[in-house]
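Notes for the one structure printed next.
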Amino acid sequence: MSRKVIELFYDVVSPYSWLGFEVLCRYRNVWNMELKLRPAFLGGIMQASGNKPPAMVPNKGLYMAKDLNRLASYMNVPLRHPSDPFEVMFNKGSLPAMRFITAVAEKEKDGGRLLENVSREVWKRIWSTDQDICEPASLSEAGLKAGLSSSEVEELLGLSKSQPIKDKLKQTTQEAINYEAFGFPFVVCHIDGKPQVFFGSDRFELMAYCIGEKWLGPQPDKPTSNL
């Protein structure tokens with residue numbers, strides 16, 4: 001049976017993307033799939049689709065805070081709210097971080113463990129330890145924790161400011177738009193040459209059904225655990 005290709009479009013400014021990211025990474029060797037991590041820019045998706053962040057609606061924002069706490073516990077992801085979510089998500093945003101992560105993806109090419117590790121460390125900074133993800137020193141620290149050397153971090157920070165990397169991030173974002181994305185996480189499953197798309201971090205059971213795999217819960221190595 002040929003391996004299924006699953007693309008995950010994500011932005012580290014999105015906490016729901018972190019949840020979806022962790023679950024799909026856990027299923028790398030459980031499902032018969034090739035997982036392609038596709039760092040993109042959520043701001044571009046929102047603008048192109050005309051969507052609005054849920055936190056802009058007060059009741060949705062209140063619900064989202066409670067929902068994320070429940071999901072973090074259920075999925076065993078150390079997600080904690082930053083002290084000023086509005087400042088983090090809307091004033092600072094994630095463009096420098098996503099350019100840095102895109103530089104990592106381009107340098108690694110095969111979209112493997114290094115991209116996974118760097119993305120995770122940047123997510124931890126914004127959505128676990130309430131730290132900056134825009135300043136070079138902050139991204140440098142995340143890169144070092146992910147296993148990059150000092151010289152590699154310096155090279156990637158330089159690349160992240162280059163036009164080819166800026167263009168690559170725009171290109172990946174446009175590819176998500178071409179799939180009619182309106183938010184993240186956005187997952188594209190290629191099945192028999194046809195794409196099926198799923199939005200959000202709560203569609204894995206349906207996704208498993210559609211791709212002919214078995215859903216074993218958010219921690220497939222502990223399917224019967226009571227979180």
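Below, each value reflects all heavy atoms present in this structure, side chains not excepted, and no hydrogens, waters or symmetry copies. Along the sequence shown, residues carry numbers from 1.
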**Request:** Can you run down the salt bridge (charged side-chain N to carboxylate O under 4.0 Å, His left out) pairs that involve residues 15-24, sequence neighbours left out, and say none if there aren't any?
**Result:** Glu22-Arg120

**Item:** Ring centers of Tyr16, Trp127 separated by less than 6.0 Å
**Value:** no

**Complete:** All heavy atoms of Val88 vs all of Pro82, minimum pair found to be CG2-CB, 4.0 Å

**Request:** Check ring-ring contact (aromatic ring centres under 6.0 Å, His included) between Phe186 and all other residues, then give those that pass, not counting sequence neighbours.
**Result:** none

**Asked** Under 4.5 Å between any side-chain heavy atoms of Ile133 and Pro96, yes or no?
**Response** no

**Message:** Quick check: closest heavy atoms across Ser160 and Ile165, and the distance to 0.1 Å?
**Reply:** CA-CG2, 4.0 Å

**Spacing of Thr172 atom OG1 and Ile177 atom CD1 [to the nearest 0.5 Å]** = 11.0 Å

**Asked** For residues 44-71, which residue pairs qualify under salt bridge (charged side-chain N to carboxylate O under 4.0 Å, His left out), counting only residues two or more places apart or in two chains?
**Response** Asp67-Arg70

**Request:** Using the six-membered ring wherever Trp is involved, compare the ring planes of Phe9 and Phe184 and label them parallel, tilted or perpendicular (cut-offs 30° and 60°).
**Result:** parallel

**Request:** Can you label the angle between the Trp123 ring and the Phe21 ring as parallel, tilted or perpendicular, going by 30° and 60°?
**Result:** tilted

**Working for side-chain contact (heavy atoms from CB on, under 4.5 Å), residues Trp215 and Met207** = CA-CA 9 Å; Trp215 171 242; Met207 188 186 305; over 6 Å; no

**Request:** Would you sort out whether Leu169 and Leu95 count as a side-chain contact (heavy atoms from CB on, under 4.5 Å), showing the intermediate values?
**Result:** CA-CA 9 Å; Leu169 180 59; Leu95 189 55; 3.8 Å; yes

Donor-acceptor contacts under 3.5 Å from residues 37-46 side chains, at least two apart:
from	atom 1	to	atom 2	distance (Å)
Arg38	NH1	Glu7	OE2	2.4
Arg38	NH1	Glu175	OE1	3.2
Arg38	NH2	Glu175	OE1	2.8

**Contacts of Asn178 that satisfy side-chain hydrogen bond (donor to acceptor under 3.5 Å, both in side chains) - sequence neighbours left out** = Gln174

**Asked** When rounded to the nearest 0.5 angstrom, what distance separates CD in Gln131 from OG in Ser138?
**Response** 6.5 Å

**Message:** Hydrophobic clusters here meaning ILVMFWY residues chained together by side-chain heavy-atom distances under 4.5 Å, can you tell me if Val57 and Met89 are in one?
**Reply:** no

**Item:** Reported CD1-to-CG distance for the pair Ile126 and Leu79, which is rounded to 0.5 angstrom
**Value:** 10.0 Å

**Prompt:** Does one hydrophobic cluster hold both Leu19 and Tyr63, with members joined at side-chain heavy-atom distances below 4.5 Å?
**Reply:** no

**Request:** Could you tell me whether the side chain of Pro15 reaches within less than 4.5 Å of the side chain of His81, counting heavy atoms only?
**Result:** no

**Request:** Measure the CG-OG distance between Leu157 and Ser162 for me, rounded to the nearest 0.5 Å.
**Result:** 11.5 Å

**Asked** Hey, does the side chain of Glu108 reach the backbone of Leu114 with a donor-acceptor pair shorter than 3.5 angstrom?
**Response** yes

**Asked** Is there a donor-acceptor pair under 3.5 Å between the side chain of Lys168 and the backbone N or O of Glu106?
**Response** no

**Item:** Backbone of Asn32 reached by a side-chain donor or acceptor of Glu213 within 3.5 Å
**Value:** yes

**Request:** Please step through side-chain contact (heavy atoms from CB on, under 4.5 Å) for the pair Ile211 and Met33, ending with a clear verdict.
**Result:** CA-CA 9 Å; Ile211 67 175; Met33 70 169 182; 5.7 Å; no

**Item:** Closest non-hydrogen atom pair, Asn76 against Arg26
**Value:** O-NH2, 3.1 Å

**Prompt:** salt bridge (charged side-chain N to carboxylate O under 4.0 Å, His left out): which pairs involve residues 91-105, sequence neighbours left out?
**Reply:** Lys92-Asp132

**Message:** Using the ring-ring contact (aromatic ring centres under 6.0 Å, His included) criterion, which residues pair with Phe182? Sequence neighbours excluded.
**Reply:** Phe199

**Message:** Is there a path of hydrophobic side-chain contacts, each under 4.5 Å between heavy atoms, that joins Val5 and Trp31?
**Reply:** no

**Item:** Pro78 backbone acceptor or donor facing Ser128 side chain under 3.5 Å
**Value:** yes

**Asked** What's the spacing between Leu24 CG and Tyr10 OH if we round to 0.5 Å?
**Response** 11.5 Å

**Message:** For a quick test of reading the model, state the closest non-hydrogen atom pair linking Ala181 to Ser49 and the distance between them.
**Reply:** O-CB, 3.8 Å

**Fill in**
Hits for side-chain hydrogen bond (donor to acceptor under 3.5 Å, both in side chains) against Ser17, two or more places apart or cross-chain, chain-then-number order -> Ser14

**Request:** Mind jotting down which residue pairs meet the salt bridge (charged side-chain N to carboxylate O under 4.0 Å, His left out) criterion with at least one end in residues 140-157? Sequence neighbours excluded, please.
**Result:** Lys107-Glu155, Arg125-Glu141, Glu141-Lys145

**Request:** Say whether Leu62 and Leu71 are linked into one hydrophobic cluster, either directly or through other cluster members, by side-chain heavy-atom distances under 4.5 angstrom.
**Result:** no

**Request:** List for me each residue that meets side-chain hydrogen bond (donor to acceptor under 3.5 Å, both in side chains) alongside Asp130, sequence neighbours excluded, and say none if there are none.
**Result:** Ser83

**Asked** Looking at CG of Leu115 and OG of Ser119, how far apart are the two atoms once the value is rounded to the nearest 0.5 Å?
**Response** 4.5 Å

**Item:** Glu121 to Ala142 - nearest heavy-atom pair and separation
**Value:** CB-O, 3.6 Å

**Request:** Please step through side-chain contact (heavy atoms from CB on, under 4.5 Å) for the pair Leu216 and Tyr27, ending with a clear verdict.
**Result:** CA-CA 9 Å; Leu216 300 172; Tyr27 273 83; 3.5 Å; yes

**Request:** Give every residue pair that meets the side chain to side chain donor-acceptor pair (under 3.5 Å) criterion with at least one member in residues 191-210, sequence neighbours excluded.
**Result:** none

**Prompt:** Would you call Arg113 and Arg28 a side-chain contact if the rule is heavy atoms closer than 4.5 Å?
**Reply:** yes

**Fill in**
Residues Ala103 and Leu159: closest non-hydrogen pair is CB-CB, 4.1 Å

**Asked** Can you list the residues that meet the side-chain hydrogen bond (donor to acceptor under 3.5 Å, both in side chains) rule with Glu135, with sequence neighbours excluded?
**Response** none

